[in-house]
Amino acid sequence: MTHATRPLRSVLYIPGSKPRALDKARSLSVDAIIFDLEDAVAPDEKVAARATLAAALAQGGYGARLKIVRINGLDTEWGAEDAAAAREMGADAVLLPKVDGPEHLEALAGITGDVPLWAMMETPLGMMNAAGIAAHRLCAGMVMGTNDLAKDMGTRFRADRLPLMTGLGLCVLAAKAHGVAIVDGVYNAFKDEDGLRGECEQGRDMGFDGKTLIHPAQVDIANTAFAPSAQEVELAERQIAAYEAALAEGQAVAVVDGRIVENLHVATARETLAKRDAIATLTAE
């Protein structure tokens, strides 16, 4: 399963320093886990967290979930050793915070070798350089760090996230242009289900592959929001059938529910069914 088809509906942050949380993650219905050595770990626990996380990953049990290790920045006292340790952990990718440009990923690659890299997109400079970051030879994914971005921009909180739209849009465009995964930022009020659902729907409409989460209680809502609905699947199947019937009659266009269906709509319909099937495969595993 490539990153183009691998489901990333729910991407849960788990502190690398907490064995109980690391163990619980093995049973959660998430598509991916970010094992965090950065913000979720106190400074005096950071060195020990490397060994704790390495032991958990060596034990395994995370199934088909994508395993991503977020290290501390290379400009910190822990970053380089985090990167060297992450390289040996057998994770699927290493996530670097506060990526301002592709040179930051290149510096990390000097330590981690050919391990796929993910970039935290959370600085104004990162927004301006999103295309170059996504184009890096080892970049496999981007994660929006909306809390840090809002702080650096000095924005006020708005439910519609209007102040962040330019940055979010630039990153989505960069990811799509270069075929890398991209997941939306966290929703801080983890008990506010309606707010989370609304932000997930907004992110899905924008083109994000999924959402980063800070609490297991958020998983089901994200999984639902970023999966094709039953109505979307049913429409996709009818569009494909109608278009194939039109082709058989020598026509290049079909009509479904009063709307034109061309080859581009059929391509989208096939992607919808492929995503449905990929989710079913991941769930079965």
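Just so it is clear, the structure is predicted and the values come from calculations on it, not from any experiment.
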*Val115 and Ala93: which non-hydrogen atoms are nearest, and at how many Å?*
CG1-CA, 4.2 Å
*Please collect all salt bridge (charged side-chain N to carboxylate O under 4.0 Å, His left out) contacts where either partner lies in residues 104-123, sequence neighbours excluded, each pair once.*
Glu106-Arg137
*Would one find more than 12 heavy atoms of other residues, nucleotides or ligands at under 6.0 Å from atom CD of Gln202?*
yes
*Are Leu149 and Val99 connected in the hydrophobic side-chain network, where two residues link if heavy atoms are under 4.5 Å apart?*
yes
_Residue among Val69, Leu96, Val94 satisfying side chain to side chain contact (heavy atoms under 4.5 Å, CB included) with Thr112_ = Val94
*Answer yes if Leu28 and Leu53 sit in the same cluster of Ile, Leu, Val, Met, Phe, Trp and Tyr residues linked by side chain heavy atoms under 4.5 Å apart, and no otherwise.*
yes
*Is the backbone of Ala217 close enough, under 3.5 Å, to the side chain of His215 for a donor and an acceptor to pair up by distance?*
yes
*Stepwise side chain to side chain contact (heavy atoms under 4.5 Å, CB included) check, Leu108 with Ile71*: CA-CA 10 Å; Leu108 176 57; Ile71 65 172; 3.7 Å; yes
*Could you pull out all residues at least two apart from Thr166 that satisfy side-chain contact (heavy atoms from CB on, under 4.5 Å)?*
Leu170
*Those residues that, when tested against Pro15, pass side-chain contact (heavy atoms from CB on, under 4.5 Å) (two or more places apart)*: Ser17, Lys18, Ala21, Ala40
_Where Arg65 and Ala25 come nearest, the two heavy atoms and their spacing_ = NE-O, 3.7 Å
*May I ask you to decide if Glu262's main-chain N or O and His265's side chain share a donor-acceptor pair within less than 3.5 Å?*
yes
_Lys98 and Asp75 ion-paired at < 4.0 Å_ = no
_Do Val219 and Leu196 land in one hydrophobic cluster if side-chain heavy atoms of ILVMFWY residues count as linked below 4.5 Å?_
no
_Heavy-atom donor-acceptor pair, Arg26 side chain to Gly60 backbone, under 3.5 Å_ = yes
*What heavy-atom pair brings Leu8 and Ala181 nearest, and what distance separates the two atoms?*
CD1-CB, 3.5 Å
_Check Arg197 with Glu201, please: is the shortest side-chain N to carboxylate O separation under 4.0 Å?_
no
*Close side-chain approach of Val183 to Trp118, heavy-atom, < 4.5 Å*: yes
*asked:* Assigning hydrophobic clusters by single linkage (Ile, Leu, Val, Met, Phe, Trp, Tyr; side-chain heavy-atom cutoff under 4.5 Å), is Leu57 placed with Val47?
replied: no
*Flag the pair Leu273 / Val233 as yes when at least one side-chain heavy-atom distance between them is below 4.5 Å, and no otherwise.*
yes
*Does CZ belonging to Arg238 count more than 12 external heavy atoms closer than 6.0 Å?*
yes
_For the student: nearest non-hydrogen atoms of Cys139 and Val180, plus distance_ = O-CG1, 3.3 Å
*Salt bridge or not for Arg161 and Asp184, using N-O below 4.0 Å?*
yes
_Leu164 side, atom CG; Thr146 side, atom OG1 - distance, nearest 0.5 Å_ = 6.5 Å
*Could you tell me the separation between the CG atom of Asp148 and the CG atom of Asp39, rounded to the nearest 0.5 Å?*
6.5 Å
*According to the interplanar angle, ranging from 0 to 90°, do the rings of Phe35 and Tyr62 count as parallel (below 30°), tilted (30 to 60°) or perpendicular (above 60°)?*
perpendicular
*Strictly by modelled atom types, are Asp100 and Thr123 linked by a side-chain donor-acceptor pair under 3.5 Å?*
yes
*asked:* How long is the straight-line distance from CD1 of Ile260 back to OH of Tyr243, given to the nearest 0.5 Å?
replied: 11.5 Å
*asked:* Can you tell me how far apart OG1 (Thr212) and CE (Met120) are? Round to the nearest 0.5 Å.
replied: 7.0 Å
_With a 4.0 Å cut-off on N to O distance, would you call Arg276 and Glu237 a salt bridge?_
yes
*Give a yes or no on this: more than 12 heavy atoms of other residues, nucleotides or ligands lie within 6.0 Å of atom NZ of Lys176.*
yes
*List the atom of Gln239, the atom of Val256, and the distance in Å for their closest heavy-atom pair.*
CA-CG2, 4.1 Å
*Are the side chain of Asp92 and the backbone N or O of Leu66 linked by a donor-acceptor pair below 3.5 Å?*
no
*Basic-acidic side-chain contact under 4.0 Å: Asp23, Arg20*: no
_I'd like to know if the side chain of Arg70 reaches the main chain of Tyr13, judged simply by a donor and an acceptor atom lying under 3.5 Å from each other, with no hydrogens or angles considered._
no
_Is there a side-chain contact between Phe226 and Ser10 in this structure, where contact means two heavy atoms from C-beta onward sitting under 4.5 Å apart?_
no
_Could you check whether any side-chain heavy atom of Asn223 comes within less than 4.5 Å of a side-chain heavy atom of Asp31, counting everything from C-beta outward?_
yes
*Step by step, would you call Val11 with Val143 a side chain to side chain contact (heavy atoms under 4.5 Å, CB included)?*
CA-CA 10 Å; Val11 183; Val143 179; 6.0 Å; no
*Would you find more than 12 non-hydrogen atoms of other residues, nucleotides or ligands less than 6.0 Å from Met165 atom CE?*
yes
_Rounded at 0.5 Å granularity, tell me how far CZ in Arg6 sits from CG in Asp209._
12.0 Å
*Minimal non-hydrogen separation, Gly185 against Lys211, with atom names*: O-NZ, 2.6 Å
*Are Pro102 and Ile133 side-chain neighbours, meaning at least one heavy-atom pair lies under 4.5 Å?*
yes
*asked:* Under a 3.5 Å distance rule, please check whether Gln218 uses its side chain to pair with a backbone N or O of Tyr187 as donor and acceptor.
replied: yes
*asked:* Is the shortest side-chain heavy-atom distance between Gln231 and Leu235 below 4.5 Å?
replied: no
*So, do Met127 and Met144 sit near enough that their side-chain heavy atoms are less than 4.5 Å apart?*
yes
*Salt-bridged, Arg158 to Asp160, with N to O below 4.0 Å?*
yes
_Thr76 side chain near Lys46 side chain, heavy-atom distance below 4.5 Å_ = no
*Joint cluster assignment, Leu247 & Val261, ILVMFWY side-chain distance < 4.5 Å*: yes
*Output yes when a side-chain donor or acceptor of Lys275 lies under 3.5 Å from a complementary backbone atom of Ala227, and no otherwise.*
no
*Please round to the nearest 0.5 Å and tell me the distance separating atom CZ of Arg50 and atom CG of Asn72.*
8.0 Å
